[in-house]
S.K.: 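Take this structure first; my questions come after.
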Amino acid sequence: MLGHERWRSVTVELIAAGMSNLTYVVSPQDGPADAAVILRRPPTGAVLATAHDMAREHRVISALGPTPVPVPRTLHLCTDPAVLGAPFYVMERVVGVHVARELPAGYADDPAQRRAVGNALVDTLGDLHAVDPAAVGLADFGRPEGFLARQVRRWTTQWEATRDRDRPELDALAARLAETLPVTQRPGITHGDYRLDNCLLDPAEPGRIAAVLDWEMSTLGDPLTDLGMMLVYWPEAGEERPSTLSPVTALPGFPTRRDVAERYAARTGTDLSALNWYVGFGFFKFAAIIAGILARSAAGAMAGKDTSGYAERIGPCVELGRAALEDGAI
């Protein structure tokens, strides 16, 4: 496919979405419109190189191809930075609906369709966590032992390396998380940033996920970190949460966070008695991610992305993390 003569002359378009790895649509100038592919490469001036490992991202997507988890088909991996200035990979372009700030006009207008979207997100996450890593060649994709302790240390280090100012409440949340680590029930493949706008929805069937994208943080670890992060990103009706990247789940029909948790537990058989820790960790991780984005923006490495108002999100997220951890609020 990529060896065809039409790829000698292409057009390249940066997709205006995401705050980390850069995603481009590459189209052959003399080819059909549906021949376009997607190219992923790290951001310029990345703060943490380990978070932008193209080979790892390519590997996990390739491994999940034969499983029930919907992922794009990978086409090529290039680890030679001399070609484009950084490693990159190419994958098929999946036709799907990308939902960011709102649902497209005429799509999932019915509350029942919106509930189907929410349920599909939960079920797809459950399907991911049901995959046996060894069966798909990912037995060495991470180190599940001590995963939660390393995660808390990693994001604490990220925060310390990119802190915008002294935030003792954030430091206290990090310390409290480290002191109250739960026991991982069953290790598995984790996405690392699972949410609605990291998925493509089927254009004709809102209750089906066409593809799960943005696997740059994936590893082997505690699957409940994915669920906790998903709930961090899941506002309900009447809420304006500082962690809201997409307010869509607040629309009538979408399941509540409790509904999401109950459906996940029923599908996977997982004990969610320690869910409050994972939600608290999710808010802490979100705050550290925001700090990293602000640092990259200050260094001029965000490709023109608007990060105004991001610093004001950190404090409220820390309080929500504390409320989850100490009060059980999700």
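This chain uses plain numbering: 1 for the first residue, then up along the sequence. Since this is a predicted model, take the numbers as computed values, not measurements. Basis for what follows: all heavy atoms, side chains included, without hydrogens, waters or symmetry-related copies.
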S.K.: Linking I/L/V/M/F/W/Y whenever their side-chain heavy atoms sit closer than 4.5 Å, directly or via other members, would V94 and V97 fall into one cluster?
M.R.: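 No, separate clusters.
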S.K.: OG of S62 to CG of L138: how many Å apart, nearest 0.5 Å?
M.R.: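 Answer for the OG-CG pair, S62 versus L138, is 9.5 Å.
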S.K.: So, applying side chain to side chain contact (heavy atoms under 4.5 Å, CB included) with I209, which one of L201, D123, L200 is it?
M.R.: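 That would be L201; it is the only one of L201, D123, L200 passing the side chain to side chain contact (heavy atoms under 4.5 Å, CB included) with I209.
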S.K.: Mark yes when over 12 heavy atoms from residues, nucleotides or ligands other than E179 sit less than 6.0 Å from its CD; otherwise mark no.
M.R.: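 Yes, the 6.0 Å shell around CD holds more than 12 heavy atoms from other groups.
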S.K.: Taking only residues two or more places apart in sequence or in another chain, which ones pass side chain to side chain donor-acceptor pair (under 3.5 Å) with R258?
M.R.: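 Not a single residue meets the side chain to side chain donor-acceptor pair (under 3.5 Å) criterion with R258.
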S.K.: Taking the side chain from T249 and the backbone from P235, do they hold a donor-acceptor pair closer than 3.5 Å?
M.R.: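 Yes; judged by distance alone, with no hydrogens or angles, the pair exists.
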S.K.: Looking at D271 and L224, what are the two nearest heavy atoms and their distance?
M.R.: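 Nearest heavy atoms, D271 then L224: O-CD1, 4.0 Å.
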S.K.: Distance check, rounded to the nearest 0.5 Å: L22 atom CG versus I15 atom CD1?
M.R.: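 That separation rounds to 10.5 Å.
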S.K.: For the atom pair CD1 (I293) and CZ (R313), what is the distance rounded to the nearest 0.5 Å?
M.R.: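 Result: 8.5 Å between the selected atoms.
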S.K.: Is any side-chain heavy atom of R40 less than 4.5 Å from a side-chain heavy atom of M54?
M.R.: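 A side-chain contact exists here, since the closest heavy-atom pair is under 4.5 Å.
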S.K.: Side chains of R150 and R143: does their closest heavy-atom pair fall under 4.5 Å?
M.R.: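 Yes. Closest side-chain heavy atoms under 4.5 Å.
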S.K.: Does some side-chain heavy atom of M217 sit less than 4.5 Å from a side-chain heavy atom of H191?
M.R.: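 The answer is no, as the side chains (C-beta and beyond) never meet within the 4.5 Å cut-off.
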S.K.: Can you name the residues that form a side chain to side chain contact (heavy atoms under 4.5 Å, CB included) with A130, not counting sequence neighbours?
M.R.: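 For A130, no residue satisfies side chain to side chain contact (heavy atoms under 4.5 Å, CB included) once neighbours in sequence are set aside.
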S.K.: With a 6.0 Å cut-off on the ring centroids, do Y233 and F286 count as close?
M.R.: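 Y233 vs F286: aromatic centres under 6.0 Å.
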S.K.: Which residues pass the side chain to side chain donor-acceptor pair (under 3.5 Å) test with D202, not counting sequence neighbours?
M.R.: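 With neighbours one apart ignored, the set is R208.
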S.K.: Is any side-chain heavy atom of L231 closer than 4.5 Å to a side-chain heavy atom of L275?
M.R.: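 Result yes, sub-4.5 Å side-chain heavy-atom pair found.
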S.K.: Kindly check if the number of other-residue, nucleotide or ligand heavy atoms within 6.0 Å of CD (E102) is above 12?
M.R.: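 Incorrect, the count does not exceed 12.
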S.K.: Can you give me the closest heavy-atom contact between N21 and P42, atom names plus distance?
M.R.: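 Taking N21 first and P42 second, the nearest heavy atoms are OD1-CA, 3.6 Å.
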S.K.: Yes or no on side chain to side chain contact (heavy atoms under 4.5 Å, CB included) for L39 and T23, after CA distance, side-chain angles and deciding distance?
M.R.: CA-CA 6 Å; L39 184 148; T23 306; over 6 Å; no
S.K.: Using a strict 4.0 Å threshold on nitrogen-to-oxygen distance, state whether R101 and D197 make a salt bridge.
M.R.: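 Looking at R101 and D197, the cut-off is not met.
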S.K.: Would you check if there is a donor-acceptor pair between the side chains of T124 and D127 at a distance under 3.5 Å?
M.R.: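 The answer is no; no qualifying pair exists.
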S.K.: Backbone N or O of D259 within a donor-acceptor pair of the T256 side chain at under 3.5 Å?
M.R.: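 Yes, because the side chain of T256 sits within donor-acceptor range (under 3.5 Å) of the backbone of D259.
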S.K.: In plain terms, say whether E236 and R241 are close enough for a salt bridge, that is, a side-chain N and a carboxylate O under 4.0 Å apart.
M.R.: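 No, no charged N to carboxylate O under 4.0 Å.
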S.K.: Main chain of V152, side chain of K285: is a donor-acceptor contact present, judged purely on distance under 3.5 Å?
M.R.: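 Not confirmed, K285 side chain does not pair with V152 backbone.
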S.K.: If you measure from CG on D193 to CG on D226, what distance do you get to the nearest 0.5 Å?
M.R.: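 So the gap between those two atoms works out to 9.0 Å.
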S.K.: Decide whether a cation-pi geometry holds between R56 and F141; the criteria are a distance under 6.0 Å from NZ or CZ to the six-membered ring centre and an angle within 45° of the ring axis.
M.R.: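 R56 over F141 ring: yes.
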S.K.: How close do Y310 and L294 get, counting heavy atoms only, and between which atoms?
M.R.: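 Closest approach of Y310 to L294, heavy atoms only: CB-CD2, 3.6 Å.
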S.K.: Flag the pair D171 / R163 as yes when at least one side-chain heavy-atom distance between them is below 4.5 Å, and no otherwise.
M.R.: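 Answer yes - side chains close enough.
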S.K.: Check P72 against L213 and note the closest heavy-atom contact, atom names and distance.
M.R.: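 Reported closest heavy-atom pair: CG-CD2, 3.8 Å.
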S.K.: Say you draw a straight line from OH of Y89 to CG of L75; how long is it, rounded to the nearest 0.5 Å?
M.R.: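 Interatomic distance, Y89 OH to L75 CG, rounded to 0.5 Å: 11.0 Å.
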S.K.: Is there a side-chain contact between R195 and M230 in this structure, where contact means two heavy atoms from C-beta onward sitting under 4.5 Å apart?
M.R.: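 Counting from C-beta outward, R195 and M230 never come under 4.5 Å.
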S.K.: What residues form a side chain to side chain contact (heavy atoms under 4.5 Å, CB included) with T225, not counting sequence neighbours?
M.R.: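 In terms of side chain to side chain contact (heavy atoms under 4.5 Å, CB included), with neighbours along the sequence ignored, T225 is linked to F147, L148, T190, D222, Y278, F281.
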S.K.: Which distance, rounded to the nearest 0.5 Å, do you find between the CD1 of I38 and the CD of E92?
M.R.: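 Between I38 CD1 and E92 CD, I get 10.0 Å after rounding to 0.5 Å.
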S.K.: How close do P28 and A35 get, heavy atom to heavy atom, and via which atoms?
M.R.: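 Nearest heavy atoms, P28 then A35: CG-CB, 3.9 Å.
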S.K.: Look at R257 together with E239 and state whether they make a salt bridge at an N to O cut-off of under 4.0 Å.
M.R.: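 Yes.
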S.K.: For P66, check side chain to side chain contact (heavy atoms under 4.5 Å, CB included) against everything at least two apart and list the hits.
M.R.: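 Side chain to side chain contact (heavy atoms under 4.5 Å, CB included) check on P66 returns nothing, list empty.
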S.K.: Please tell me if the side chains of W234 and V260 come closer than 4.5 Å, counting only heavy atoms from C-beta onward.
M.R.: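 Yes - at least one pair of side-chain heavy atoms lies under 4.5 Å apart.
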S.K.: Side-chain contact, heavy-atom cut-off 4.5 Å: V95 with P203?
M.R.: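 In short, these two side chains touch, coming nearer than 4.5 Å.
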S.K.: Measure up the Y264 and H129 rings against each other and bin them: parallel (under 30°), tilted (30 to 60°), perpendicular (over 60°).
M.R.: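 Ring orientation, 0 to 90° scale: perpendicular.
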S.K.: Show the numbers, then the answer: is there a side chain to side chain contact (heavy atoms under 4.5 Å, CB included) between T79 and F88?
M.R.: CA-CA 7 Å; T79 57; F88 67 92; over 6 Å; no
S.K.: Go through the structure and list residues passing side chain to side chain donor-acceptor pair (under 3.5 Å) with D80, not counting sequence neighbours.
M.R.: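 Partners of D80 by the side chain to side chain donor-acceptor pair (under 3.5 Å) criterion come out as none, since no residue qualifies.
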S.K.: Side-chain heavy atoms under 4.5 angstrom apart, residues restricted to Ile, Leu, Val, Met, Phe, Trp, Tyr: same cluster for W277 and V183?
M.R.: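 Cluster IDs for W277 and V183 differ.
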S.K.: Quick one: closest heavy-atom pair of C317 and F283, and the distance?
M.R.: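 The answer is O-CB, 3.5 Å.
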